[in-house]
Amino acid sequence: MLGLAAIIFTVLFFITAGYGRHSNGGWGPKINPRWGWFIMECPTVIAFGILFIVGDWKGVMRIAFSLIWLIHYAHRVFIYPFLIRSNQKMPFSIILMGFIFNLVNTYLQGRWLFTLSTESQYAPNWFLDPRFIIGLILFLFGFFLNKQSDFLLRNLRKPGETDYKVPRGGAYRWVSCPNYLGEIIEWIGWAMATWSLAGLVFAVWTIANLVPRAWAHHKWYHEHFEDYPKNRRAIIPFLL
Ligand code: NDP
C-alpha cells in the first residue's frame, strides 16, 4: 500500500481525477453526485461495523477509536453527500476506485484495531499516552478545519447555483484547499493516536491523493480568476 501510494502520488500530478471542476468526458458513465459520494464512502461504515462485530471490540480504547472513526465517517456517509450544492455528475469509474480504496483501507484499520493489535498495546492507560493525546488533538483540529472549509465552500453557492467563486474567510486566507489540509491533518492525527502501520498507511494515502489534487485546484483558480489572491498557497500555508 505504501509503495502504491508513491506511484499514485506521482501519477495524480499528471492525471487529475475527473470529478467536480475537473470533470471531462473521459471517465465513463456518470451518476448524481450525492449518491456517488454515498456509495463511494459507505464501506467505511458498513465494513467497519462488520469488523467491529466479528473482531474483538472489547476494551475502552478500541471503543474510543471506533467513536473517533465514526465521528468522521458517519458525517461523510450520511450527512455530507446530502448537503453538497453541485450538479456535476460523478463518473462511476471514480466511484468504483474510491469504493475499492475505502473497502481496503477500512479493512486495514478495522483488522488492526479489532484483530491484530494486542490487549496490552491499547490498555486503558493509552488514553494518557502523549501519542494518543497529541494524535487526538490533531484529529479534532483537522476535523474542524475540514468541516469549516467545506461549509464555507458550500455557502459560496445559493441553492440552485452551480458556478465557481473565489472562496474567502477561514483558512482560505492562506491556502486554496483547507478542506484537504484538514483531512490530511485528521489522518496524521489518527496515525499518531493509533501508533500503527495501518494508520500510517492511511495518512500517506491521504497525502498522496489530496496534495496533487490541491495543486490542480490551485492552478485552476489562477487560470479562471484574474484577481485570485497572489499570496495564497495550494495546501500548506506560506510553503506549497
Ligand atoms: P472540493 O473542494 O473540490 O469540492 C467540495 C464541494 O464544494 C463540491 O460540491 C464543489 O462543487 C464545491 N466547490 C468547490 N470549490 C468551489 C468554489 N470555488 N465555488 C463554489 N463551489 C465550490 O472537494 P472534493 O469534492 O474533492 O472533496 C469533498 C470532501 O471529501 C472534502 O472534505 C475532502 O477533504 C474529502 N475527500 C477526502 C479524500 C481522502 O483521500 N480522504 C479524497 C477526496 C475527498 P463541484 O462538485 O461543482 O466542483
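Each ligand, and each atom within it, is numbered from 1 in the order the structure gives.
- Compare R157, E186, H22 by their heavy atoms: the one nearest to atom 12 (C) of ligand 1 is in R157.
- Comparing L153, I84, L145 by heavy-atom distance to atom 13 (N) of ligand 1, the nearest is L153.
- Of the residues I207, V201, L200, the one that meets the side-chain contact (heavy atoms from CB on, under 4.5 Å) test with V204 is L200.
- Counting only non-hydrogen atoms, the option in L181, L152, N179, D150 that gets closest to atom 32 (O) of ligand 1 is D150.
- At least one N or O atom of S86, backbone or side chain, sits closer than 3.5 Å to an N or O atom of ligand 1.
- Distance check: D150 CG to H75 NE2 gives 8.0 Å after rounding to the nearest 0.5 Å.
- With hydrogens left out, the protein atom closest to atom 44 (C) of ligand 1 is W37 CH2, 3.7 Å, a heavy atom.
- Residue contacts with ligand 1: E161 is excluded, as none of its non-hydrogen atoms falls under 4.0 Å.
- Taken to the nearest 0.5 Å, the CG atom of N102 stands 12.5 Å off from the CD1 atom of I39.
- Side-chain polar atoms of Y180 and R213 form a donor-acceptor pair below 3.5 angstrom.
- Taking all heavy atoms of H224, E183, K165 into account, the minimum distance to atom 37 (C) of ligand 1 is reached by E183.
- In this structure, D163 is part of the shell of residues with a heavy atom less than 4.0 angstrom from ligand 1.
- With a 4.0 Å cut-off on non-hydrogen atoms, Y221 touches ligand 1 through its side chain and not its backbone.
- Annotation for ligand 1: atoms under 4.0 Å from non-hydrogen atoms of G20 are 46 (O), 48 (O).
- For ligand 1, the atoms closer than 4.0 angstrom to any heavy atom of Q88 are 47 (O).
- Taking the ring centroids of Y73 and W187, they lie under the 6.0 Å cut-off.
- Heavy atoms of F225 found under 4.0 angstrom from ligand 1: none, in either backbone or side chain.
- Between W35 and F82, the ring centre distance stays below 6.0 Å.
- You'll find the ring centres of F202 and W190 outside the 6.0 Å limit.
- Nearest to atom 42 (C) of ligand 1 among the protein's heavy atoms is N209 ND2, 3.4 Å.
- Contacts between R85 and ligand 1 below 4.0 angstrom, taking non-hydrogen atoms only, are absent altogether.
- Ring geometry for W215 versus H218: interplanar angle of 30 to 60°, hence tilted.
- The closest non-hydrogen atom to atom 24 (P) of ligand 1, taken over F151, Y164, Y180, comes from Y180.
- Here R76 has side-chain heavy atoms under 4.0 Å from ligand 1, and that is the only part of it that gets that close.
- Remark: ligand 1 atoms within the under-4.0 Å shell around heavy atoms of R213 are 26 (O).
- Relative ring orientation between Y221 and H217 is described as perpendicular, the plane-to-plane angle rising above 60° on a 0-90° scale split at 30° and 60°.
- Taking the six-membered ring wherever Trp is involved, the centroid distance between the rings of F127 and F132 falls below 6.0 Å.
- Within the 4.0 Å heavy-atom shell around ligand 1 one does not find F101.
- An N or O contact shorter than 3.5 Å links N146 to ligand 1 by distance.
- A salt bridge between K147 and E183 is absent, with no side-chain N of the basic residue lying under 4.0 Å from a carboxylate O of the acidic one.
- Ligand 1 lies nowhere less than 4.0 angstrom from a heavy atom belonging to W187.
- Counting only heavy atoms of the protein, atom 3 (O) of ligand 1 lies nearest to H217 NE2, 2.8 Å.
- Ligand 1 is never approached by K147 to a heavy-atom distance shorter than 4.0 Å.
- At a 4.0 Å heavy-atom cut-off, ligand 1 touches R21 through backbone and side chain alike.
- Distance check: L153 CG to K165 NZ gives 12.0 Å after rounding to the nearest 0.5 Å.
- At a 4.0 Å heavy-atom cut-off, ligand 1 does not touch N87 at all.
- Aromatic pair F48/F114: ring centres closer than 6.0 Å.
- R76 and Y80 share no donor-acceptor pair across their side chains, judged by distance under 3.5 Å alone.
- Regarding atom 5 (C) of ligand 1, its nearest protein heavy-atom neighbour is Y80 OH, 3.6 Å.
- R62 and S117 are linked by a side-chain donor-acceptor pair at a separation below 3.5 angstrom, with hydrogens and angles left out of the test.
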